[in-house]
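Have a look at the structure below before the remarks.
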Amino acid sequence: MVLSREFYTRPDVVQIARELLGKQLCSIIRGKFTSGIISETEAYAGVTDRASHAYGNRRTGRTEIMYKTGGTGYIYLCYGVHSLFNVVTNIEGIPHAVLIRGIIPGEGVPLMLQRTRKNNLTKNFGIGPGNVTKVLGIHFSMTGIDLTIKNAGTGNDAIWLEEKNYKVNDSEILTTTRIGVQYSGEAAKFPYRFVLNK
DNA sequence: CGGCCGATCCACT
DNA sequence: GTGGATCGGCCGA
């Protein structure tokens, strides 16, 4: 079942980040389907979170996407090399987001290998936010895409999340501070990263 | 318009 | 453990 608008528009972005573990992230890129189970997430709590791009209510061409309704994809270029995929949460006007940092490969592994130019599944395949987008074929030019429908009307391309029969127990969830945000002072200490430890 | 820098990754030592 | 790659976005002038 595709995750609904109501799932994304709830107010607690940290709780949503936690709940996204075990959900299936799917893409159709140029007509080709690939998917994986989300194994690592980080919450970015909007205008009061110094680690967020929207800290201090900053509105720019890029961050504007974060102010859209929950269930929108916020994708941006990092270090000039990597597309990073986020799920926008909360209602329109409140710029919360969850960064997807890792997936367990599901369907379409041969195509994933082709995209990463590898011959077989390595130990950390699909781990790391730049790798998530690489294996699923997601590009930062797709930012703003609607995540609640399987065909978002952008030609053959679509991204969505599904609830699958993948059970996650609380005991399997590791909570830590976020990666790469040491510049953000106190916010760097927030326990906003969730890892599936299975 | 110029300069700085990033929610990273990988090869190499 | 470390450093280079690489370029759009953001800010200041």
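Being a predicted model, the structure only gives us computed values, none of them experimental. Below, chains carry the letters A, B, ... as their sequence lines are ordered, and counting in each starts from 1.
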Using the test side-chain hydrogen bond (donor to acceptor under 3.5 Å, both in side chains), find all partners of [X] that sit at least two apart in sequence or belong to another chain.
{"X": "A:Arg178", "result": "A:Asp49"}
{"X": "A:Thr176", "result": "A:Arg193"}
{"X": "A:Asn197", "result": "none"}

Review point. Heavy atoms under 4.0 Å, any strand shown: does A:Leu84 hit a base, just sugar-phosphate, or nothing?
Key: sugar-phosphate
Practice item. Among Ile, Leu, Val, Met, Phe, Trp and Tyr joined by side-chain contacts under 4.5 Å, find the other residues sharing a cluster with A:Phe33 and list them by chain and number. Key: A:Val2, A:Ile28, A:Trp160
Check your understanding: By the rule that ILVMFWY residues connect when side-chain heavy atoms come within less than 4.5 angstrom, directly or transitively, which residues belong alongside A:Ile94?
Key -> A:Ile91
Review point. For B:dA7, does either OP1 or OP2 sit under 4.0 Å from a side-chain N or O belonging to A:Arg193?
Key: no
Check your understanding: Does A:Tyr192 place a side-chain N or O at less than 4.0 Å from the phosphate oxygens OP1/OP2 of B:dA7?
Key -> no
**Study point:** Spatial distance of atom CD (A:Glu172) from atom OG (A:Ser39) [nearest 0.5 Å]
**Key:** 12.5 Å
Exercise for review: Decide side-chain contact (heavy atoms from CB on, under 4.5 Å) for A:Leu136 and A:Phe85; before the verdict, give the C-alpha distance in whole Å, the side-chain angles of both, and the deciding distance to 0.1 Å.
Suggested key: CA-CA 10 Å; A:Leu136 293 176; A:Phe85 175 72; over 6 Å; no
Point to revise | Separation of the P atoms in B:dA7 and C:dG1, to the nearest angstrom | key: 23 Å
Among residues at least two apart in sequence or on other chains, which ones pass salt bridge (Lys or Arg N to Asp or Glu O under 4.0 Å) with [X]?
{"X": "A:Lys68", "result": "none"}
{"X": "A:Arg10", "result": "A:Glu19"}
{"X": "A:Glu162", "result": "A:Lys150, A:Lys164"}

Could you tell me how far apart [X] ([atom1]) and [N] ([atom2]) are, to the nearest whole angstrom?
{"X": "A:Glu40", "N": "B:dA7", "atom1": "CD", "atom2": "P", "result": "16 Å"}
{"X": "A:Phe190", "N": "B:dA7", "atom1": "CZ", "atom2": "P", "result": "16 Å"}
{"X": "A:Tyr76", "N": "B:dG6", "atom1": "OH", "atom2": "C1'", "result": "8 Å"}
{"X": "A:His82", "N": "C:dT6", "atom1": "NE2", "atom2": "C1'", "result": "9 Å"}

Taking only nitrogen or oxygen atoms into account, show me every contact under 3.5 Å that the protein makes with nucleotides 7-13 of chain C, one pair per line with its distance.
{"residue": "C:dC10", "atom": "OP1", "partner": "A:Thr60", "partner atom": "OG1", "Å": "2.4"}
{"residue": "C:dC10", "atom": "OP1", "partner": "A:Arg62", "partner atom": "NE", "Å": "3.3"}
{"residue": "C:dC10", "atom": "OP2", "partner": "A:Thr60", "partner atom": "OG1", "Å": "3.1"}
{"residue": "C:dC10", "atom": "O3'", "partner": "A:Arg58", "partner atom": "NH1", "Å": "3.2"}
{"residue": "C:dC11", "atom": "OP1", "partner": "A:Arg58", "partner atom": "NH1", "Å": "3.3"}

Can you give me the N/O atom pairs linking the protein to nucleotides 10-13 of chain B at distances under 3.5 Å, or say none if there are none?
{"residue": "B:dC10", "atom": "OP1", "partner": "A:Asn131", "partner atom": "OD1", "Å": "3.4"}

Review point. Can you list every ring-ring contact (aromatic ring centres under 6.0 Å, His included) pair that touches residues 167-198 of chain A, not counting sequence neighbours?
Key: A:Phe190-A:Tyr192
Check your understanding: So what stems show up for DNA chain C if we need 3 or more Watson-Crick or G-U pairs in a row, all under 3.5 Å?
Key -> B:1-6 with C:7-12, B:8-12 with C:1-5
